[in-house]
S.K.: 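Below: one structure in structure tokens.
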There are 2 protein chains.
Amino acid sequence: MEISDACQAFSALSQTSRLEVLKLLVRAGPAGLAAGKISGALGAPAPTMSFHLKELERAGLILSRKEGRSVIYAADYGGVRDLVDFLLADCCQGDKRLCGPYVIKECA
Amino acid sequence: MEISDACQAFSALSQTSRLEVLKLLVRAGPAGLAAGKISGALGAPAPTMSFHLKELERAGLILSRKEGRSVIYAADYGGVRDLVDFLLADCCQGDKRLCGPYVIKECA
DNA sequence: TCCATATTTCCATAAATATAAAATTATACT
DNA sequence: AGTATAATTTTATATTTATGGAAATATGGA
């Protein structure tokens, strides 16, 4: 992942409405939600939400598909994962003893 | 973590210079780097970099300490971790069967 | 075809953010 | 005290981004 891609993704998340959209879609799961449901749920006018959804899609964080008259948006889990990985890549020059306790999750 | 905190953190990362700073500090490890070294390494004037460093610190992504005349900045691994966790909290309403393959990392 | 619904594009305005020069503060050394 | 170094604050300007009304596009049903 290029730094400009990561930057665009973080930029997409740097706005309350858009962050709320992603959280909503992460909660909703792969089934996703229609654009109208999203703008309704978050109380934003349709044009405003359309602008934000396009931004999130351009950033590779959500996906869209058409179903009848609706456009269904869903979280792009792969994209989110790539972004997280980018942030911690090459951590401590590869020496995980330095930061491991802070960064590595216990596994179940 | 409040959504406004997460938003502020993503906002801090939504800018190439600042994202480069965090990557640089993540690579540098807990020892960190002096403000002057950072602005030198990234080719930005001191006031500009000072503005960006303050932004990253305010967002809880880096820490600073004074050493003589220098101010040493280092990645705040706990803060980064909290941010990542926020993004995927309550994923698929807790049913990891839906998105697990995309989100959960294999453990070594 | 005509109408209602769903969403987007266009556009103008408002608001937030980045940049860097100049001035300021703080520390160390002689 | 005097001087050099390190970093920050102040300030003004330039740039980017968000917002939502009005108009346009696309689909499905009567």
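Chain A is the first sequence line, chain B the second, and so forth, proteins listed ahead of strands; every chain is numbered from 1.
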S.K.: If you define the side chain from C-beta out and look only at heavy atoms, does anything of B:Tyr73 sit under 4.5 Å from B:Lys37?
M.R.: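 No. Closest side-chain heavy atoms not under 4.5 Å.
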
S.K.: Which atoms form the tightest heavy-atom contact between A:Ser11 and B:Ser14, and what is the distance?
M.R.: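 In terms of heavy atoms, the two residues are closest at CA-CB, 3.3 Å.
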
S.K.: Between C1' on C:dT7 and CD on A:Glu57, what's the gap in Å once rounded to a whole number?
M.R.: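 Distance, rounded to whole Å: 13 Å.
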
S.K.: Roughly, in whole Å, what's the span from CG in B:Leu42 to P in C:dT19?
M.R.: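 Result: 12 Å.
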
S.K.: So which heavy atom on A:Ser17 is nearest to which on A:Leu42, and how close?
M.R.: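 Minimum heavy-atom separation between A:Ser17 and A:Leu42: O-CD1, 4.0 Å.
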
S.K.: Starting from P on D:dT16, measure out to CZ on A:Phe10 and report it in whole angstrom.
M.R.: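 These atoms are roughly 21 Å apart.
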
S.K.: Restricting both atoms to N or O, compile the protein contacts to nucleotides 2-7 of chain D shorter than 3.5 Å, with distance only.
M.R.:
from, atom 1, to, atom 2, distance (Å)
D:dA7, OP1, B:Ala35, N, 3.3
D:dA7, OP1, B:Gly36, N, 3.4
D:dA7, OP1, B:Val71, N, 3.4
D:dA7, OP2, B:Gly36, N, 2.8

S.K.: Against B:Leu61, only a single residue in B:Asp76, B:Leu25, B:Val80, B:Val26 fulfils side-chain contact (heavy atoms from CB on, under 4.5 Å); can you say which?
M.R.: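 Answer to the side-chain contact (heavy atoms from CB on, under 4.5 Å) test with B:Leu61 among B:Asp76, B:Leu25, B:Val80, B:Val26: B:Val80.
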
S.K.: Whole angstroms only, please: what is the CZ-P distance between A:Arg65 and C:dA6?
M.R.: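 After rounding, the reported distance stands at 17 Å.
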
S.K.: Mind running salt bridge (Lys or Arg N to Asp or Glu O under 4.0 Å) on A:Glu55 and A:Arg58 for me, showing each step along the way?
M.R.: CA-CA 5 Å; A:Glu55 205 69 7; A:Arg58 206 162 56 94; 3.0 Å; yes

S.K.: So, is A:His52 close to the D:dT17 phosphate, meaning a side-chain N or O under 4.0 Å from OP1 or OP2?
M.R.: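 So the side chain of A:His52 is outside the cut-off, no N or O lying under 4.0 Å from OP1 or OP2 of D:dT17.
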
S.K.: Check the distance between C:dT7's C1' and A:Glu67's CD and give it to me in whole angstrom.
M.R.: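 Atom CD in A:Glu67 sits about 15 Å away from atom C1' in C:dT7.
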
S.K.: Quick one: does B:Leu63's side chain get under 4.5 Å of B:Ile72's, heavy atoms only?
M.R.: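 Sidechains of B:Ile72 and B:Leu63: no contact.
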
S.K.: Please tell me if the side chains of B:Arg81 and B:Val84 come closer than 4.5 Å, counting only heavy atoms from C-beta onward.
M.R.: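 Of all side-chain heavy-atom pairs linking B:Val84 with B:Arg81, none is under 4.5 Å.
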
S.K.: Please report, rounded to the nearest Å, how far the P atom of C:dT8 is from the CD1 atom of A:Ile38.
M.R.: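 Rounded to the whole Å, the gap is 9 Å.
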
S.K.: So which heavy atom on A:Pro30 is nearest to which on A:Ala74, and how close?
M.R.: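 Result for this residue pair: O-CB, 3.7 Å.
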
S.K.: Using the 3.5 Å cut-off, write out each protein N or O paired with an N or O of nucleotides 20-24 of chain C and the distance between them.
M.R.:
from, atom 1, to, atom 2, distance (Å)
C:dA20, OP2, B:Thr48, OG1, 3.4

S.K.: Find the distance A:Lys54:NZ to C:dT7:C1' and express it as a whole number of Å.
M.R.: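 Rounding to the nearest Å, NZ of A:Lys54 and C1' of C:dT7 are 12 Å apart.
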
S.K.: Check this one for me: any side-chain N or O of A:Gln15 less than 4.0 Å away from OP1 or OP2 of C:dA16?
M.R.: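 Looking at the OP1 and OP2 atoms of C:dA16, neither is under 4.0 Å from any side-chain N or O of A:Gln15.
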
S.K.: B:Glu55 has an atom CD; how far is it from atom P of C:dT19, in whole Å?
M.R.: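 For the pair B:Glu55 CD and C:dT19 P, the rounded distance is 11 Å.
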
S.K.: Any side-chain heavy atom of A:Phe86 within less than 4.5 Å of one from B:Leu19?
M.R.: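 The answer is yes, as the side chains (C-beta and beyond) meet within the 4.5 Å cut-off.
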
